[in-house]
Every structure is written in C-alpha cells, then in structure tokens.
There are 2 protein chains.
Amino acid sequence: MPVTIYDVAREAGVSMATVSRVVNGNPNVKPMTRKKVLGAIERLGYRPNAVARGLASKKTTTVGVIIPDISSLFFSELARGIEDIATMYKYNIILCNSDQRLEKELQLINTLLEKQVDGLLFMGAEIKEDHLQALTSTQVPTVLAATRDADNKLPSVTIDHYQAAYDATEALIQRGHKRIGMITGPMSDPLGGLMRFEGYKQALKDAGISLDEALVAGGNLFYESGLSHTKEFLQLKEPPTAIFAANDEMAIGAIHAVQDSGLHVPNDVEVIGHDNIRLTEMVRPRLTSVVQPMYDIGAVAMRLLTKYMNNEHVEEHVVLLPHRIEYRESTKPDQA
Amino acid sequence: MPVTIYDVAREAGVSMATVSRVVNGNPNVKPMTRKKVLGAIERLGYRPNAVARGLASKKTTTVGVIIPDISSLFFSELARGIEDIATMYKYNIILCNSDQRLEKELQLINTLLEKQVDGLLFMGAEIKEDHLQALTSTQVPTVLAATRDADNKLPSVTIDHYQAAYDATEALIQRGHKRIGMITGPMSDPLGGLMRFEGYKQALKDAGISLDEALVAGGNLFYESGLSHTKEFLQLKEPPTAIFAANDEMAIGAIHAVQDSGLHVPNDVEVIGHDNIRLTEMVRPRLTSVVQPMYDIGAVAMRLLTKYMNNEHVEEHVVLLPHRIEYRESTKPDQA
DNA sequence: CTGTTAGCGCATTCAG
DNA sequence: CTGAATGCGCTAACAG
C-alpha cells in the first residue's frame, strides 16, 4: 500500500540506487535525472521509511533521553534545551521518565538500546555501579546531564554544586548573618544533595561559624518541604536569620513560612534558593537564587553527544558550566 | 559485532524461527527448547534489534508526540500523563516541540510518519485545514490532546472550555461582583482563547451584566501579561472587583499586581485562574482555579490512542473530561 | 553519473 | 512443536 523507493524508481525510470541518492542528497546525480526522480517522488507522495533506513544504515537519528520526571519545573527546562539542539542536528528524542528508580532506569537503558538509538542522554541523581556497567558496556555514546559519576568515567555537563552552595552561603555570611539555616536536598543525591550541603558547611567553617545541626533540615525538594522545615526553624529559640534552600521550590516555601508567621522577607529573614527556575520571578518578594542554567545544560549535553555520535574529537569530557547568583528581593540590597 | 538472532540460534542449536518465537513469547515452543534458547540468550547477552523487528513486523511500539512546549508547566504535566500510560502499554514516545508554528507542526508530522510511529498524539491550539489533511491522509491513528478540531473529525480529549469559563464567571457573579475583568488567552486559540472568552461573555449576559470592553484584556498566557494588564485595570476609573484569567500564570500576575498597588486579594479584588497547575498552591493567597486535569487529559488521550492502534472498538471519539472549580484563598469564603 | 547486488536483523508464512 | 525460505524498504559497496 505505501509507496516504496522501488515504486519511485519505476515511475522515474531509474534504479532504486539513484532514488536513494537523490533522497540522501548525494551530489553524484545528474541534475536532469534528479529532477525526474523528484518529480516521481512528488507525484507518488513518497515518504522514505526511516525504519528501513535505520536497519540498512545502522543509524536511527534518534537519541534516548532518560529523565527523572518531565513534569518537574527543573527537568522540563532541561529537556527543552536537549530537544532544541537535537532538532538543530536533525535528531529526534525518545523521552522516558525514570522517577529515579534504579530498576526502571536500567530497564529504560536497555529498551533504548534495543531501539538502536544513536546516543543516550541520562539525567538522574546518583550514578551507581549498575548504571556505569549498563552505560559503558555498549558502543552507544552517553552523556550525563546535570549529573556526574563519582569517577568521571562518563562525559557529563553540570555546574560546580559545591562551589555554588559555597557562594550562596558566603553571600549570606557577608551580609552579616551568623545563623544561616539550610534546607538540603536528599543526601542520596551526590550533587544536588550532598555537594550543596558540603559547600554550605565549608563556607561556614571558613567564616569561623560552627555548624548548628538544628539549622539543617533534610528537604525533599518540594514546596511543602520548604514550608514545613522553615516553620520548624522559626520555632527555635534562636531561629535563623537567613535560609539557603537547595532548590527554588523549597525556598519559596521558606518565604511563605516566614510570611505566614508574621515576619518579613528579607528584613527578618533573607532567603536564597537554587536553580533559578522561572518561578523565582513569580513570588513576592521575588527570589534570589543561584543560577543553574538548566536549558544550557541540556543544550550543551546534547551538543556534546552529537560530537560523540559523529566521532568528532572532544577535548573535555567533563564540562562545568558557570554559575552565579541572581539577586532579587528575598535578599536585602547589597551592603556595599 | 553485536549478537543477532542468528548467533543465538546457532548457540542454542535451533533455528532462528524458534529463537524468534521464544523472544516473542509464542507458546508453541517446547519448554525444554525454550530453556535452551533462553540460556543461549543469556550467555551471549543477546538484545533484540527493535529496528529490524519494526521493519519486519511493521510495528515500532513508538508513538509520536507533538507538543507546543515541553517546558511549559501546563504541557509538561500533560506529557507526563501521556508517557505514563504509554509505558503501561509498552510504547515509547518520540517527543517534539512545535512552538505552535504551523510549518514546524506539519514537518514534525511528516518526520514522525517517516519514523513509522504506530500512533500520533497532537497538542496545539488551532487545528487548521493543513493539519487535518496531514493527519487524515495517513493510516496512522491520531488523537488530539487538550485541543479539538472544529468539526470533530479527529478523536480528541478536552474539557468543555466554554462551560468552564462560564462557571468561573458565574461564581464571581454570585459573589456579588458586577465589574469582572477578564484576561483572555490569544484569540487564535479556539478553545483556550475564544471559548473561554465566550463563556465569560455569556455568563455576564445571563446575569444581565453588559460587557465592558475596558474590562477585557488580551493576554499571552505569561505571568508578565497578567501583571501588566491588571495594572491597567486598576487604573480605570471603575476598576474591576474581580478578575478571571484564562490561565493560572496570568492569574498569579494579577494577584501580584493587585498587591503591588496596595490592595488586598481577595478583599478588594477576587481572582480566579484556570488550569489548576501546581503553582496555584505556591502563592499567597493561594489561587482559586478552574481545574483542567492535564495529567488525565494526557493519560486518557494516550489510552484512547492505544485502542485505535489496537483496532479496538471506540465508542466516543470526542471525550470531554469533567472540570470543576478548586476554591482557595484568592476568592472569599463562600457567601452561603 | 548510474545500475546491480547484497545484505541489515527479524517476523512470518508454509511445510513437515 | 520446529525449520527453511522469503521479504520488510533501504543503504552501500562495487562495477561499469
């Protein structure tokens, strides 16, 4: 029923090889015959079968994307960066949600490899031995986006989470705060959880401020979590005068908790978030946040992947994108 | 290099047909030989090539998803519903952003058909003749999610936008408001734009309130738009005492504009949004909103698509999901 | 510049 | 219950 390359060849009075050539833009075709072929294609409404093409050429122009949760503000922005660059390089994306469950992640890797994707883009938290094994036992190039494996065995694109958290904490310290609360992410996440916490601790230490366990809360990255932990903070005898949250959603929860208790942000409590998602502009006061360029991370990761898929030379397997702090109204104007 | 079905056959001492049978769960295989084959598969680390399978079977267990913008709060939630159900039915998703540009949409449809997707899920605003033509000229089943074509030629899953807007406006009227502002979506969008506006107008009409053009603003669905239009509203001699925004982001902008001008929500101005995205819970006051069940729309659309792909009988091509209003603090407690 | 010939890896008749 | 044979639609040498 569907028209094949063979039908076109017959219609145009040439061989299928020639049709294949014009379809693939091969220059070794006389303009005249090219025209004939194009005419036949048009007349017949020929549409090349990418599956057959993939089987014959061993390339599918498709990359697999494993992402924790596409409905997350953070990851959906990342995904957009990935998709835009993929489109630019003529790739399509098979998108899979993993919910960060190891078993599902491994199964997805397998499924995507079965589908013969030309490359793999992986997002998640901790990269375990199982991941490494699954990802390195294949010829298909893989890039980690917004994650990194401990030994940097795989190419990755991230920011320096440790330094970012350090900077945020230091900024608070320089504003004169001694009691700085932190709402962390899950410690099972080496970067977004552990590293940011480490950066926080080190900044305190370097400033000669001893860590107060009461000012550290383990959040789950959701709004509610920021809300409730901040409420607890505020019930301390000596509540924090500043809060650093491991992501923006929790930071916004923190702002609201402060406001709900009749206090003022930033006058009574200053708040800094992390990631700089679009929400930061949609709160009052607007949220100061550490910029993690999600879109760029996705875009750069995809770009990097195209190089691997293309066997191009890559100088740096592990790329760190710059971060900075975007100051808004949840912190007081600079003291300077 | 990669191990094929043929290698497995040799290793197991059977024919490739038999291997194919066990891989595909065909019951006509003696348990004993099945075991042999499974053993060989295990030993060789055989991974079926889905592309070859697709070529031979004419099924790819992949569906194409065309979405305006995956980084949107609204669509990413929809996408999650789609993907979850797709996974449940063993399908993978090729995700493409269209930015609602007609040309790109048509091109994406074509690309996805080239890739031999088993089905197509389309999201967008207006369904034009071009779309219809591209989508109906193929055997590949298509379902529209959160959109509908004017003549219901294509299967679709939506809510009744007209009625939803009517209900929201009526709710405001019943709270005693006479001057109700509306920030609409783009009128190029028949449902989210036009229909919601029509519902608003009809509700006013039914209540004997004449439409005041000054209280209608054409928004673009973004936060900034809600903010700026509401500022303009508040500068009128007789500003609105209530605002209905065509989506939540603009509604939140409206809240902030009211607050920025020193007024109070809901005491001075009541605000109702639309869609009930997660953000509604992350503002102060929390936003009352018309519930459009994005996740469910995606899930139901995907489920519907599986039926078509499976040649199952479908009773209702055009499904309308229920809507309701979720009352929060941007409206006053019920007058009842 | 063009045609011929082989597969790509697998599902699927059809026999047996 | 199993094997042999065929072809899905296309790319990729290889000739010419």
Side-chain angles (χ1 to χ4, degrees), chain A residues 1-38 40-41 44-62 90 111 113-118 138-140, chain B residues 1-38 40-41 44-62 90 111 113-118 138-140:
Chain A
M1 188 68 208
V3 19
T4 74
I5 200 173
Y6 188 74
D7 300 322
V8 176
R10 200 159 20 75
E11 170 80 12
V14 299
S15 74
M16 52 186 290
T18 300
V19 177
S20 176
R21 289 196 185 91
V22 344
V23 168
N24 291 296
N26 185 318
N28 294 129
V29 180
K30 208 196 313 183
M32 183 54 191
T33 64
R34 174 186 307 281
K35 198 174 169 189
K36 277 196 303 184
V37 172
L38 256 18
I41 287 179
L44 268 40
Y46 170 66
R47 173 184 291 144
N49 180 326
V51 171
R53 199 190 290 217
L55 183 59
S57 70
K58 300 183 171 304
K59 286 190 192 317
T60 54
T61 62
T62 303
K90 313 286 190 195
T111 301
L113 291 176
E114 283 187 3
K115 296 230 169 178
Q116 311 300 119
V117 293
D118 294 338
T138 164
Q139 294 301 317
V140 176
Chain B
M1 190 64 209
V3 20
T4 74
I5 199 172
Y6 188 75
D7 301 321
V8 176
R10 199 159 21 74
E11 169 81 11
V14 300
S15 75
M16 51 184 289
T18 299
V19 177
S20 176
R21 288 196 186 91
V22 344
V23 168
N24 292 295
N26 185 318
N28 294 130
V29 180
K30 207 197 311 186
M32 184 53 193
T33 64
R34 174 185 307 280
K35 198 173 168 187
K36 277 197 303 185
V37 172
L38 256 19
I41 288 179
L44 268 42
Y46 170 64
R47 172 184 292 145
N49 180 326
V51 172
R53 199 191 290 218
L55 183 59
S57 69
K58 300 185 171 304
K59 287 189 192 316
T60 54
T61 62
T62 302
K90 313 287 188 194
T111 301
L113 291 177
E114 283 187 2
K115 296 230 170 177
Q116 313 299 118
V117 293
D118 294 338
T138 164
Q139 295 301 316
V140 176

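Here is how names work: the chains are called A, B, and so on, in the same order as the sequence lines, proteins then strands, and each is numbered from 1. These numbers come from the heavy atoms of this one structure, side chains and all, not from hydrogens, waters or symmetry mates.
Qualifying salt bridge (Lys or Arg N to Asp or Glu O under 4.0 Å) partners for A:Arg47, counting only residues two or more places apart in sequence or in other chains: none.
Residues of residues 21-29 of chain A that place a heavy atom closer than 4.0 Å to DNA chain C, in numerical order, are A:Arg21, A:Asn28, A:Val29.
At distances below 3.5 Å, not a single donor-acceptor pair connects side-chain atoms of A:Asp118 with backbone N or O atoms of A:Lys59. Judged purely by atom type and a 3.5 angstrom limit, A:Asn24 has no side-chain atom pairing as donor or acceptor with the backbone of A:Asn26. In this structure, A:Ser20 contributes its side chain and A:Met16 its backbone to no donor-acceptor pair below 3.5 Å. Listed for the A:Thr62 side chain is a donor-acceptor partner under 3.5 Å among the backbone atoms of A:Thr60. Remark: the backbone N or O of B:Arg53 is paired with a side-chain donor or acceptor of B:Ser57 at under 3.5 angstrom.
Put simply, CD on B:Gln116 is 17 Å from C1' on C:dG9, counting in whole angstrom units. Per the geometry, CD1 belonging to A:Ile41 stands 16 Å off P belonging to D:dG9, to the nearest Å. Taking atom NZ of residue B:Lys59 and atom C1' of nucleotide C:dC10, one finds them 15 Å apart after rounding to whole Å. Atom-to-atom, CD1 of B:Ile5 to P of C:dT12 comes out at 11 Å; the value is rounded to the nearest Å. When the C1' atom of D:dG3 is taken as reference, atom NZ of B:Lys30 falls 14 Å away, rounded to whole Å. When rounded to the nearest whole Å, the span between OH of B:Tyr6 and C1' of C:dA11 equals 17 Å. The separation between A:Met16 atom CE and D:dA13 atom C1' is 14 Å, rounded to whole Å. When rounded to the nearest whole Å, the span between NZ of A:Lys58 and C1' of D:dA13 equals 15 Å.
Between A:Ile41 and A:Val23 there is a side-chain heavy-atom pair separated by less than 4.5 Å.
Closest-nucleotide positions on DNA chain C for A:Pro31 and A:Ala17 were compared, and the one nearer the 5' end corresponds to A:Pro31. The residue among A:Thr4 and B:Arg34 whose nearest nucleotide of DNA chain D lies closer to the 5′ end is B:Arg34.
Nearest to the side-chain atoms of A:Ala52 among the listed nucleotides C:dC10, D:dG9, C:dA11 stands D:dG9.
At D:dC8, none of the side-chain N or O atoms of B:Ser57 fall inside 4.0 Å of OP1 or OP2 (strictly under the cut-off). Taking 4.0 angstrom as the limit, A:Thr18 places none of its side-chain polar atoms (N or O) nearer than this to OP1 or OP2 of C:dT2. Under 4.0 angstrom from either OP1 or OP2 of C:dA11 there lies at least one side-chain N or O belonging to B:Arg53.
Using a 4.0 Å heavy-atom cutoff across all strands shown, A:Val51 reaches no nucleic acid atom at all. Within the 4.0 angstrom heavy-atom criterion, base atoms lie near B:Ser20.
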